[in-house]
Amino acid sequence: MSLQYALVGDMSWQDRAKWQTPDTPFMSFAFWQALHATDAIGEQAGWLPIFVLVYRAGTAADSNSGTDNPDASRSDANNSDANKNHTNNSQLNSQDVDKAIIDESLMQPVAVMPVFVKGHHQGEFVFDYAWAEAYARYGIDYYPRLVTSSPYTPITGQRLWLVEGETLNTQIIEAAMAGVDDLAQQVGASSWHGLFVTPELAALAASTDNQIAEALANSHNDSHASDENAELISPNAFTTPILERQGCQFLWQNKSLLDNEQPFADFDGFIMTLTAKKRKTIRAERRKVAAQGITCVRKCGDAITDQDWKAFYHCYVMTYAVRGQQPYLSVDFFMQLAASMPEHLMLAQALDSAGEIIASSLFLYDVPDVFSSDDSSADNRATTLYGRYWGALGEYDSLHFELCYYQGIEFAIEQGLNYFDPGTQGEHKLIRGFIPTKTHSLHRIFDSRFIPAIANFCKEDRSRMAQYRQQAHEALPFNNDNMPIFDSNA
């Protein structure tokens with residue numbers, strides 16, 4: 001039975017099946033419900049969520065509904081005329097989508113992919129401003145655009161929720177992308193962007209398009225494209241390929257190369273893998289924090305009080321205030337996380353000599369016990385600490401390094417977590433033992449006139465990032481016995 005899709009304007013579908021536990025806390029339903037309940041996503045935030053529900057239809061659904069209904073945002077993913085009954089609208093609101101859904105109870109959900117209709121780039125961390133500028137030079141509007149991501153979160157992870165017993169495959173991706181194409185036509189979107197996707201999703205999504213994308217990139221630089229390339233990029237050969245960009249983030253790994261890759265016993269065990277100069281620097285930074293009369297404490301889950309949350313938020317707001325900005329997330333968002341997923345939360349606090357909180361850093365982390373028992377891969381899943389939100393009430397020498405990195409490393413070691421992902425950016429992470437790691441994003445451009453140039457941009461960008469990752473790897477501070485081998489695919 002072929003897969004079909006529906007465009008859904010809310011998350012009511014989650015009650016219709018048992019879902020696999022996602023690979024990070026940022027795709028948990030609790031996290032997304034907190035985003036929605038506190039208006040961090042929605043029309044007012046400029047993150048209008050639409051959910052592409054991939055499903056199998058039963059007999060009743062086959063007989064009572066289908067693409068011949070002009071009001072149904074639903075299609076067989078293999079139907080090339082799927083979009084013929086939809087008009088091109090400049091805007092789509094949640095009421096329009098809700099009205100379009102009929103007989104949802106007849107669907108057998110397989111997977112769901114979130115898609116946001118956006119008129120800006122805020123909270124994404126993968127930048128396509130240059131593409132928007134190129135559109136503007138030709139008098140073409142780049143907005144709205146479609147984005148699949150965990151909002152405000154530069155963390156690699158799954159971007160589809162899967163029903164228990166299902167495995168991500170090309171059929172599911174094709175059905176989901178058919179829904180994306182349908183939505184793009186309805187709202188007049190220029191493009192779709194899947195951000196910080198897993199390597200597995202990147203490989204599956206781009207597997208059928210790599211040859212076409214390569215030909216398009218080459219055609220941009222070669223006005224006398226070969227006959228073979230001309231055939232590949234003819235209108236009959238493709239619609240809109242999925243293009244891949246790659247980036248670089250820095251990941252700490254809890255394993256010692258000198259001890260058969262066993263986890264570190266303590267922080268000193270970790271820094272002993274670094275060069276003598278770097279060990280000296282890190283120890284000096286930690287002494288500077290102590291010399292200022294600052295002590296650091298860590299609290300987890302229910303041990304974090306309401307007063308702690310208020311103090312944290314005061315610090316968090318300061319991070320934006322110094323740049324003249326408003327924070328994306330409200331105190332109510334964090335309070336809801338505290339109520340709905342406390343087992344994933346760790347708060348590091350810096351206290352001055354009077355015991356007053358002067359800085360805070362909030363981490364989320366994986367809990368192996370919450371992985372679904374029905375997921376055969378659960379026992380093999382790596383666990384990660386995620387550094388996400390930080391702020392300080394003033395300037396304190398080396399405190400950012402202590403509270404955001406060293407406290408995180410100590411906690412990861414204590415908890416036996418495999419990795420520590422401190423977030424986006426940063427050579428300052430590199431020189432503290434965080435290893436350069438490849439990230440992936442996927443892009444679909446709906447105006448064929450721009451595809452060759454953007455395909456070439458992506459190709460050249462991948463080459464630049466590969467060189468950067470190798471150069472960054474060479475600058476790692478490990479001593480010779482502990483230097484990890486550079487892997488161009490990692």
Side-chain angles (χ1 to χ4, degrees), residues 249-301 303-304 344-353 357-368 382-390 392 396-423 425-437 472-473 475-484:
Q249 289 190 327
F250 299 90
L251 196 67
W252 181 83
Q253 298 184 11
N254 187 10
K255 60 182 181 182
S256 171
L257 297 185
L258 283 182
D259 191 18
N260 296 317
E261 299 191 351
Q262 292 299 304
F264 296 110
D266 51 31
F267 189 86
D268 281 342
F270 158 62
I271 64 171
M272 287 305 295
T273 66
L274 308 180
T275 63
K277 180 180 180 180
K278 183 45 63 180
R279 291 197 301 271
K280 182 178 180 180
T281 299
I282 290 176
R283 286 170 175 154
E285 288 173 343
R286 305 199 80 178
R287 285 196 299 269
K288 287 177 183 177
V289 172
Q292 296 169 85
I294 297 172
T295 57
C296 296
V297 297
R298 296 192 294 269
K299 297 181 179 181
C300 293
I304 307 172
H344 291 284
L345 304 177
M346 187 273 280
L347 181 65
Q349 298 172 316
L351 285 67
D352 64 15
S353 57
I357 297 171
I358 57 173
S360 297
S361 185
L362 180 63
F363 303 76
L364 279 75
Y365 62 98
D366 295 326
V367 181
T383 52
T384 301
L385 175 70
Y386 308 94
R388 289 304 306 119
Y389 316 101
W390 132 274
Y396 302 92
D397 193 357
S398 301
L399 183 57
H400 179 263
F401 304 138
E402 176 65 38
L403 210 59
C404 293
Y405 305 142
Y406 304 147
Q407 290 293 318
I409 290 172
E410 284 189 347
F411 182 79
I413 292 171
E414 289 176 3
Q415 298 296 315
L417 302 176
N418 302 103
Y419 298 101
F420 173 21
D421 184 339
Q425 300 177 350
E427 281 78 5
H428 54 285
K429 301 181 180 80
L430 170 72
I431 59 176
R432 289 169 176 81
F434 290 78
I435 297 172
T437 305
H473 188 276
L476 283 168
F478 296 101
N479 56 45
N480 291 337
D481 292 333
N482 287 279
M483 178 67 76

State which residues pass side chain to side chain donor-acceptor pair (under 3.5 Å) with Asp266; sequence neighbours excluded, sorted by chain then number.
none
Who are the ring pair (Phe, Tyr, Trp, His ring centres under 6.0 Å) partners of His473, not counting sequence neighbours?
Phe486
Residues that Lys255 engages under side chain to side chain contact (heavy atoms under 4.5 Å, CB included), provided they are two or more places apart
Gln253, Glu261
His344 and Asp366: which non-hydrogen atoms are nearest, and at how many Å?
ND1-CA, 4.3 Å
Pro477: partners by side chain to side chain contact (heavy atoms under 4.5 Å, CB included), with sequence neighbours left out
Leu274, Lys278
For a quick test of reading the model, state the closest non-hydrogen atom pair linking Thr273 to Ser256 and the distance between them.
CG2-OG, 4.4 Å
Mind listing the closest non-hydrogen atom pair of Leu403 and Cys296 along with its distance?
CD1-SG, 3.9 Å
For Lys288, salt bridge (charged side-chain N to carboxylate O under 4.0 Å, His left out) partners two or more places apart
none
If the condition is side chain to side chain donor-acceptor pair (under 3.5 Å), which residues does Tyr365 pass it with, not counting sequence neighbours?
none
Nearest heavy-atom pair of Phe478 and Gly433: which atoms, and what distance?
CZ-O, 3.6 Å
For Lys299, look at atom NZ and say whether over 12 heavy atoms of other residues, nucleotides or ligands are found less than 6.0 Å away.
yes
Rounding to 0.5 Å, atoms CD1 (Ile431) and OG1 (Thr275) come to a distance of 10.5 Å
Calculate, to the nearest 0.5 Å, the distance between atoms CG and CD1 belonging to Leu399 and Ile294 respectively.
5.0 Å
Kindly write out the residues that satisfy side chain to side chain donor-acceptor pair (under 3.5 Å) with Glu414, not counting sequence neighbours, or none if the list is empty.
Arg298
side-chain contact (heavy atoms from CB on, under 4.5 Å) for Val297 and Gln349? Distances and angles first, verdict last.
CA-CA 5 Å; Val297 297; Gln349 298 172 316; 3.5 Å; yes
Exam field: side chain Gln249 to backbone Asp421, donor-acceptor pair closer than 3.5 Å
no
Run Asn254 and Leu417 through side-chain contact (heavy atoms from CB on, under 4.5 Å) and show every step you take.
CA-CA 7 Å; Asn254 187 10; Leu417 302 176; 5.6 Å; no
From CE (Met346) to OG (Ser361), nearest 0.5 Å
7.0 Å
Can you list the steps and then say if Tyr389 with Leu364 is a side-chain contact (heavy atoms from CB on, under 4.5 Å)?
CA-CA 10 Å; Tyr389 316 101; Leu364 279 75; 4.2 Å; yes
In chain order, what residues pass the side chain to side chain contact (heavy atoms under 4.5 Å, CB included) check against Arg287, with sequence neighbours excluded?
Arg283, Ala284
Sequence neighbours excluded, which residues qualify as salt bridge (charged side-chain N to carboxylate O under 4.0 Å, His left out) partners of Arg286?
Glu402, Glu410
With sequence neighbours left out, what residues match Asn418 under side chain to side chain donor-acceptor pair (under 3.5 Å)?
Thr383
Which distance, rounded to the nearest 0.5 Å, do you find between the CG of Leu251 and the NZ of Lys429?
11.5 Å
Which residues satisfy the ring pair (Phe, Tyr, Trp, His ring centres under 6.0 Å) test with Tyr419, sequence neighbours excluded?
none
Taking all non-hydrogen atoms of both residues into account, name the closest pair between Leu476 and Ile435 and its distance.
CD2-CA, 4.1 Å
For this output row, return yes or no: ring centroids of Phe420 and Tyr405 closer than 6.0 angstrom.
no
For Phe264 and Ile271, what are the C-alpha separation, side-chain angles and deciding distance, and is it a side-chain contact (heavy atoms from CB on, under 4.5 Å)?
CA-CA 10 Å; Phe264 296 110; Ile271 64 171; over 6 Å; no
Residues passing the ring pair (Phe, Tyr, Trp, His ring centres under 6.0 Å) test with Tyr406, sequence neighbours excluded, are Phe267
To the nearest 0.5 angstrom, please state how far the CG atom of Leu257 sits from the CG atom of Asn479.
9.5 Å
Using only atom types and a distance under 3.5 Å, with no angle test, would you say the side chain of Asn482 pairs donor to acceptor with the backbone of Phe270?
no
Exercise: identify the closest heavy-atom pair between Cys300 and Phe411:
SG-CE1, 3.5 Å
